[in-house]
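What follows is one structure encoded as structure tokens, with my remarks underneath.
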2 protein chains.
Amino acid sequence: MKTYYCGLEVTLDVIGGKWKALVLYYLIKGPKRTSELKRLIPTITQKMLIQTLRELEMSGLILRKMYNQVPPKVEYSTTELGQSLESILEALCNWGGIYAESSFAQDEFEILHMD
Amino acid sequence: MKTYYCGLEVTLDVIGGKWKALVLYYLIKGPKRTSELKRLIPTITQKMLIQTLRELEMSGLILRKMYNQVPPKVEYSTTELGQSLESILEALCNWGGIYAESSFAQDEFEILHMD
DNA sequence: CGGTATCCAACACGATACTG
DNA sequence: CAGTATCGTGTTGGATACCG
């Protein structure tokens, strides 16, 4: 049993770290294959991607569906619990855009959109 | 110049990590002295608290006001930029509470409120 | 009280090679 | 295509002692 003093600590435990929020953010927009996620997040390594997916799965935020075929195909999607973070992650994403354009951070941050 | 592919990456750079969101969360509720923050976040070490405060200050999210008196007194408060995260951090906190009570996590997480 | 300086351990993360 | 295994490193974070 883990003990926390604030709900925020729980959230950070579940989607904190370098990659979890980002991977979940893309999966919330729709189911994706492993290679699609890798393409959307070019700077993540294969190892960290798989590891992050496993942790999100363990936490009950995403589902892994495997198709028995050659070549293999795996698709990840969100659970209801994972999807419930949609508006929050969207807000965090927007805030980052605003921050990058703020007088404080401009000329320091650059965002390349690739939708 | 740092390059990102999504606003969320920027946000994680600014308030990601183990403590920044938590410290900011408490400061958003009102200005606090160093010792007050230490009391609110019992598991943080002195070193990490100071380090986190410095980083938030560098990012333009909080202000540090020092009173020249003995014993010394320092008070931290949010800037407009920092305060703009209020609703988001509140939502993240609430989500943690809901997650901890979910059928998935119950008996695993415990939250002790200390307001 | 608020903060700094060391030193050290843990682990998150990355690079690479390999498998079914 | 999806994933595992191994190894190495660099940051993160904690313990402790000390200072104005």
Side-chain angles (χ1 to χ4, degrees), chain A residues 2-6 8-9 11-24 26-27 30-59 62-78, chain B residues 2-6 8-9 11-24 26-27 30-59 62-78:
Chain A
K2 292 185 178 179
T3 301
Y4 304 86
Y5 299 93
C6 166
L8 184 53
E9 297 183 62
T11 305
L12 291 174
D13 238 35
V14 177
I15 60 162
K18 194 168 182 178
W19 303 110
K20 280 191 273 194
L22 199 60
V23 168
L24 186 59
Y26 285 116
L27 286 180
K32 304 243 174 336
R33 300 185 58 171
T34 312
S35 52
E36 290 182 277
L37 288 169
K38 182 73 186 73
R39 184 179 53 77
L40 287 167
I41 313 173
T43 51
I44 197 173
T45 60
Q46 171 101 349
K47 175 188 167 185
M48 289 315 297
L49 177 57
I50 301 298
Q51 184 176 312
T52 300
L53 287 166
R54 291 290 172 279
E55 290 170 1
L56 288 173
E57 195 184 357
M58 293 287 194
S59 299
I62 68 173
L63 290 177
R64 176 177 184 274
K65 179 167 185 181
M66 193 172 86
Y67 298 82
N68 281 319
Q69 60 184 51
V70 179
K73 173 179 174 179
V74 174
E75 195 169 70
Y76 294 92
S77 59
T78 57
Chain B
K2 292 185 179 180
T3 301
Y4 303 87
Y5 300 93
C6 165
L8 183 53
E9 296 182 63
T11 305
L12 291 174
D13 237 36
V14 177
I15 59 163
K18 196 168 180 178
W19 303 110
K20 279 190 274 194
L22 199 59
V23 169
L24 185 60
Y26 285 116
L27 287 180
K32 305 245 174 336
R33 300 183 60 170
T34 312
S35 52
E36 290 181 276
L37 287 169
K38 182 74 186 75
R39 185 179 52 77
L40 287 167
I41 314 173
T43 51
I44 198 173
T45 60
Q46 171 101 352
K47 174 190 168 183
M48 290 315 298
L49 177 57
I50 301 299
Q51 186 175 311
T52 300
L53 288 166
R54 292 291 172 277
E55 290 170 359
L56 288 173
E57 196 185 356
M58 293 287 193
S59 299
I62 68 171
L63 290 176
R64 176 177 185 274
K65 178 167 186 181
M66 194 169 85
Y67 298 83
N68 282 319
Q69 60 183 51
V70 179
K73 173 180 173 179
V74 173
E75 195 169 70
Y76 294 92
S77 58
T78 57

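Throughout, a chain's letter reflects where its sequence line sits, starting with A, and its residues are numbered from 1.
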base_contact_polar (D:dG13 base, B:Gln51 side chain, donor-acceptor, <3.5 Å) =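 Donor-acceptor pair under 3.5 Å: no.
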Report the distance from atom [atom1] of [X] to atom [atom2] of [N], rounded to the nearest whole Å.
{"X": "A:Leu49", "N": "C:dG14", "atom1": "CG", "atom2": "C1'", "value": "14 Å"}
{"X": "A:Trp19", "N": "C:dG14", "atom1": "CH2", "atom2": "C1'", "value": "10 Å"}
{"X": "B:Gln69", "N": "C:dG2", "atom1": "CD", "atom2": "C1'", "value": "12 Å"}
{"X": "B:Lys65", "N": "C:dG2", "atom1": "NZ", "atom2": "P", "value": "15 Å"}

If you pin B:Tyr76 and A:Thr43 to their nearest nucleotides in DNA chain C, which one's is more 5'?
->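 Residue closer to the 5' terminus by nearest nucleotide: B:Tyr76.
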Residue met sooner reading DNA chain C from 5', once A:Gly17 and A:Pro72 are mapped to nucleotides =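 First, find each residue's nearest nucleotide; the 5'-ward one identifies A:Gly17.
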Using the side-chain heavy atoms of [X], tell me which of these nucleotides is nearest: [options].
{"X": "B:Ser35", "options": "C:dG2, D:dT4, C:dG3", "answer": "C:dG2"}
{"X": "B:Thr45", "options": "D:dC1, C:dG3, D:dG14", "answer": "D:dG14"}
{"X": "B:Val74", "options": "D:dA2, C:dG2, D:dG14", "answer": "C:dG2"}
{"X": "A:Arg33", "options": "D:dG3, D:dA2, D:dA15", "answer": "D:dA2"}
{"X": "A:Lys47", "options": "D:dA2, D:dG3, C:dA15", "answer": "C:dA15"}

Between B:Met48 and A:Thr34, name the one whose nearest nucleotide on DNA chain D is closer to the 5' end.
->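 Per heavy-atom nearest nucleotide, the more 5' residue is A:Thr34.
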Test A:Trp19 against A:Thr43 for side chain to side chain contact (heavy atoms under 4.5 Å, CB included), laying out the working first.
-> CA-CA 10 Å; A:Trp19 303 110; A:Thr43 51; 3.7 Å; yes
Check whether any side-chain nitrogen or oxygen of A:Arg64 sits under 4.0 Å from OP1 or OP2 of D:dA2, and answer yes or no.
->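 No.
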Between A:Lys18 and C:dG14, is there a side-chain N or O to OP1/OP2 distance below 4.0 Å?
->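 A:Lys18 to C:dG14 OP1/OP2: side-chain N or O found under 4.0 Å.
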Drop me the distance from A:Lys38's NZ to A:Arg33's CZ, to the nearest 0.5 angstrom.
->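 That separation rounds to 15.5 Å.
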Once you round to the nearest 0.5 Å, how far does OG1 of B:Thr34 lie from CD of B:Glu75?
->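 So the gap between those two atoms works out to 9.5 Å.
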Using a heavy-atom cut-off of under 4.0 Å over every strand shown, decide if B:Tyr67 touches base, sugar-phosphate, or nothing.
->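 B:Tyr67: no heavy atom of the nucleic acid under 4.0 Å.
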